[in-house]
Enquirer: 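A single structure is presented below for examination.
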Amino acid sequence: MSTETTVATAVDVASWMQEVASAVEAEATHLTQLDSAIGDGDHGVNMTRGFRAVVEAVDDSQPPGKQLITAGKTLVSKVGGASGPLWGTALRRAGRAVGDAPALDGPVLADALDAALAGVVELGAAEPGDKTMVDALGPAVRALRAGVEDGGDLAAAIAAAAAAAEEGARSTVPMQARKGRASYLGERSVGHQDPGATSSALIVAALGRALGPQG
Ligand code: ADP
Ligand code: MG
């Protein structure tokens with residue numbers, strides 16, 4: 001009998017999008033509660049509607065870069081709230097960074113997430129500490145890069161990124177919002193976890209459930 005083990009070396013984009021859709025749907029009530037406290041209470045609905053549409057639109061026979069671009073375009077067109085254009089831009093930029101690469105292995109994924117973060121920052125102009133999705137995504141992208149450059153396995157790098165995103169989301173609680181709808185509340189935004197940072201942590205964690213052998 002073979003003792004060979006299958007090493008998970010790449011993220012499957014269609015599986016990632018399915019895992020995100022399931023996760024945001026399962027957490028929709030929580031995300032909406034968070035957005036009700038400091039926004040307009042639509043974040044759970046926005047994310048669920050958007051990623052359901054993404055799952056419908058993504059064709060897993062296409063190369064990963066193309067799937068990400070389709071996912072991004074779908075979010076931009078289906079989600080009215082700030083999170084639609086922001087995550088839409090993120091995934092489109094990620095797809096462009098992936099280009100013709102055949103698989104989202106560690107280095108390709110690290111480049112894709114760097115590009116995603118850069119797209120969010122370019123569009124939304126949020127800085128670290130502004131109480132936005134950047135406070136979860138930024139630490140996650142850096143942790144993933146560090147894990148990949150350490151040469152460890154991709155599952156461990158993604159687990160570190162997910163932990164960093166989760167911690168980043170929690171770090172938004174004492175922050176005062178300086179971007180987006182929550183910024184209208186001024187000091188009253190303090191003491192609540194940012195909904196977009198919270199869903200971003202779900203999106204990063206979903207990477208770990210979309211890992212498989214390459215190709
Ligand atoms: P809306 O605020 O339009 O109702 P959502 O509720 O879907 O949209 O998303 C709100 C989330 O979007 C916030 O919690 C925050 O994380 C994120 N967000 C809002 N504005 C920005 C921005 N300029 N840059 C980065 N993220 C932002
Ligand atoms: Mg909202």
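Everything numeric here is computed off the predicted structure, so don't read it as measured data. Remember, it's 1-based here, ligands and their atoms both numbered in the order they're listed.
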Enquirer: Under 3.5 Å, side chain of Asn46 to main-chain N/O of Val79, donor-acceptor pair present?
Expert: no

Enquirer: Counting only heavy atoms from other residues, nucleotides and ligands, does the tally under 6.0 Å from NZ of Lys66 exceed 12?
Expert: no

Enquirer: What's the verdict on side-chain contact (heavy atoms from CB on, under 4.5 Å) for Val20 and Val24, showing C-alpha distance, side-chain angles and the deciding distance?
Expert: CA-CA 6 Å; Val20 172; Val24 295; 4.3 Å; yes

Enquirer: Number the atoms of ligand 1 from 1 as they appear, then name those within less than 4.0 Å of a heavy atom of Gly81, with their elements.
Expert: 3 (O), 8 (O)

Enquirer: So is there a nitrogen or oxygen of Ser83 less than 3.5 Å from a nitrogen or oxygen in ligand 1?
Expert: yes

Enquirer: Under 4.0 Å, heavy atoms only, figure out whether ligand 1 is touched by the backbone of Asp42, its side chain, both or neither.
Expert: side chain

Enquirer: Can you tell me how far OG of Ser200 sits from CD of Glu166, rounded to the nearest 0.5 angstrom?
Expert: 11.5 Å

Enquirer: Tell me whether Arg52 is salt-bridged to Glu56, with the criterion being a basic N under 4.0 Å from an acidic carboxylate O.
Expert: no

Enquirer: Is a side-chain donor or acceptor of Thr32 paired with a backbone partner of Thr29 at a separation under 3.5 angstrom?
Expert: no

Enquirer: As a quick check of understanding, evaluate side-chain contact (heavy atoms from CB on, under 4.5 Å) for Ile203 and Trp16, giving each step before the final call.
Expert: CA-CA 8 Å; Ile203 292 171; Trp16 182 27; 3.7 Å; yes

Enquirer: Does Pro195 have a non-hydrogen atom less than 4.0 Å from ligand 1?
Expert: yes

Enquirer: N/O to N/O below 3.5 Å, does that happen between Gly196 and ligand 1?
Expert: yes

Enquirer: Just wondering, are more than 12 heavy atoms of other shown residues or ligands nearer than 6.0 Å to CD in Gln62?
Expert: yes

Enquirer: Does any N/O atom on Val120 come nearer than 3.5 Å to any N/O atom on ligand 1?
Expert: no

Enquirer: Step through the shown structure and confirm whether more than 12 heavy atoms of other residues, nucleotides or ligands are within 6.0 Å of CD on Glu167.
Expert: no

Enquirer: Hey, what do you get for CE (Met47) to NE2 (His43), rounding to the nearest 0.5 Å?
Expert: 4.5 Å

Enquirer: Keeping the roles fixed (side chain from Thr172, backbone from Asp194), state whether a donor-acceptor pair exists under 3.5 Å.
Expert: yes

Enquirer: Tell me, which protein residue and heavy-atom name are nearest atom 13 (C) of ligand 1, and how many Å apart are they?
Expert: Asp194 OD1, 3.5 Å

Enquirer: For atom 8 (O) of ligand 1, what's the nearest protein heavy-atom neighbour? Residue, atom name and distance, please.
Expert: Ala82 N, 3.0 Å

Enquirer: In terms of residue, atom name and distance, what is the protein heavy atom nearest to atom 5 (P) of ligand 1?
Expert: His43 ND1, 3.4 Å

Enquirer: Under 4.0 Å from a heavy atom of Gly180: which atoms of ligand 1 are those, numbered in the order shown and with their elements?
Expert: 19 (C), 20 (N)

Enquirer: Quick check: does Asp35 get an N/O under 3.5 Å from an N/O on ligand 1?
Expert: yes

Enquirer: What part of Thr132 sits under 4.0 Å from ligand 1 if we count only heavy atoms: the side chain, the backbone, both or neither?
Expert: both

Enquirer: Mind checking the CZ-CG spacing from Arg49 to Leu75? Nearest 0.5 Å is all I need.
Expert: 11.5 Å

Enquirer: Does any N or O atom in Ala126 lie less than 3.5 angstrom from one in ligand 1, N or O only?
Expert: no

Enquirer: Under the side-chain contact (heavy atoms from CB on, under 4.5 Å) criterion, do Leu109 and Val148 qualify, and how do the steps go?
Expert: CA-CA 9 Å; Leu109 181 63; Val148 165; over 6 Å; no

Enquirer: Backbone N or O of Leu185 within a donor-acceptor pair of the Ser189 side chain at under 3.5 Å?
Expert: no

Enquirer: Any N/O of Leu86 closer than 3.5 Å to an N/O of ligand 1?
Expert: no

Enquirer: Heavy-atom contacts under 4.0 Å between Asp130 and ligand 1: side chain, backbone, both, or neither?
Expert: neither

Enquirer: Of all the atoms in ligand 1, which lie at a distance below 4.0 Å from a heavy atom belonging to Asp40?
Expert: 4 (O)

Enquirer: Below 2.8 Å, which protein N, O or S atoms neighbour the Mg ion (ligand 2), ignoring water?
Expert: Asp35 OD2, Asp40 OD1, Asp42 OD1

Enquirer: Can you figure out which of Lys131, Arg181, Glu122 has its heavy atom closest to atom 1 (P) of ligand 1?
Expert: Arg181

Enquirer: Starting from atom 23 (N) of ligand 1, locate the nearest protein heavy atom and write down its residue, its atom name and how far away it is, to 0.1 Å.
Expert: Gly124 O, 2.9 Å

Enquirer: Can a donor-acceptor pair be found, under 3.5 Å and without considering hydrogens, that links the side chain of Asp12 to the backbone of Ala210?
Expert: no

